[in-house]
2 protein chains.
Amino acid sequence: MAVTRNTIQRDLVLQAVLDLKNHPTPEEVYEHIRKQHPTISKGTVYRNLNVLVDKGLLLKVDVPDSANRVDHTLKSHYHIRCKTCGKVFDMDMPDMTGEIKSMIRDTKGFEIEKYGLFFTGVCPECSKEKE
Amino acid sequence: MAVTRNTIQRDLVLQAVLDLKNHPTPEEVYEHIRKQHPTISKGTVYRNLNVLVDKGLLLKVDVPDSANRVDHTLKSHYHIRCKTCGKVFDMDMPDMTGEIKSMIRDTKGFEIEKYGLFFTGVCPECSKEKE
DNA sequence: ATCCTAATTAAGAAAGATTATTAATAAGGA
DNA sequence: TCCTTATTAATAATCTTTCTTAATTAGGAT
């Protein structure tokens, strides 16, 4: 990454994620900012989210079969997506980095950089409605 | 799922995955079949891969930031993607389903259906070329 | 304070992955 | 052989994300 400048848009993107709290999608961040700044561009939101993730100010959450999300919580934790309503929630479980690393028998020369652990299920709300 | 019929296309899709062995993308499956059956449609490949996954004959592999893949190996195992060349490899580590389940403190009323554990890194080939 | 340069922007096109639509075909039970 | 409906090929559409381009602007140098 070369030099980065402080722009209003970058601040708006970071602030939007902090305001929206729970793992917003880039689309949600875009819509949130648009209320006050209707001319912001979606590409700007995507680009700045990536910059902020690269800088370590946000965490990227990879969500299978759906738009990715960003998390303002920097502490390692895991997520679950309801396959019915699509919402993403935090899992209540401790960090497993140590356990997972210790289970790798042979890296086969790979430089392992990161891992993702992600759950899928049905949230209580949607469970109820099925009856 | 309603009644399913046995079609030539379905067989071709399954056989292609078995032939290609390592976690092909739908695109790769499509290209493989096309060599012998140039009129097969990409939609047919996607649909049948989904049907075969639903039937439990193949495993779906969710790959962050890239096309998903299917695996002909049905035994639970994990994958790593080289962020440089994009190739996907098997991890050499035992199943962790028990450990992961036992770490969940509170499901908060969620019906947890499945989890995915996925690694990212740089493969030995690409590591070498960086020097 | 003014200049300069490269990072950044808005707007929109483009790319990649996947699903939906539609009319025609065909699997497989009656 | 007939009938119903799952399935197909072809293609459009959708969703997510990145890229392109000309104009703007941040912030260090003058």
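Residue numbering restarts at 1 for every chain, and letters A, B, ... go by the order of the sequence lines. If you're wondering where the values come from, they're calculated on a predicted model, not measured in any experiment. Hydrogens, waters and symmetry mates play no part in the numbers below; they use all other heavy atoms, side chains included.
- Backbone-only engagement by N6(B) is indicated by non-hydrogen atom pairs under 4.0 Å involving sugar-phosphate atoms exclusively.
- Each of dT9(C), dA9(D), dT8(C) was ranked by its minimum atom distance to the side chain of R5(A); first place goes to dT8(C).
- One finds no side-chain N or O of Y46(A) lying less than 4.0 angstrom from the OP1 or OP2 phosphate oxygen of dT18(D).
- Distance CG (N48(B)) to C1' (dT19(C)): 14 Å, rounded to an integer number of Å.
- Among the nucleotides dA9(D), dT17(D), dT18(C), the one closest to the side chain of P26(B) is dT18(C).
- Residue-level contact check: R10(B) touches the backbone only, with heavy atoms under 4.0 Å from sugar-phosphate atoms and none from bases.
- Closest to the R47(A) side chain, of the nucleotides dA9(D), dT9(C), dA7(C), is dT9(C).
- Side-chain atoms of S127(B) and E111(A) form a donor-acceptor pair, as typed in the model, at a separation below 3.5 Å.
- In this structure, of dG27(D), dT18(D), dT17(D), it is dT18(D) that holds the atom nearest to the side chain of N50(A).
- Separating the CD1 atom of I40(B) from the C1' atom of dT8(D) is a distance of 9 Å, rounded to the nearest angstrom.
- Look at CG on D62(B): it is 15 Å from P on dT16(D), rounded to the nearest Å.
- The listed nucleotides are dT8(D), dT7(D), dT9(C); the one nearest the side chain of T44(B) is dT8(D).
- At least one side-chain heavy atom of D19(B) sits under 4.5 Å from a side-chain heavy atom of Q15(B).
- Residues T25(A) and T39(B) each lie close to DNA chain D; by heavy-atom proximity, the contact nearer the 5' end of the strand is made by T39(B).
- Y30(B) places its OH atom 14 Å from the C1' atom of dT18(C), with the value rounded to the nearest Å.
- Comparing atom distances between the A67(B) side chain and each of dA11(C), dA17(C), dT8(D) picks out dA17(C) as nearest.
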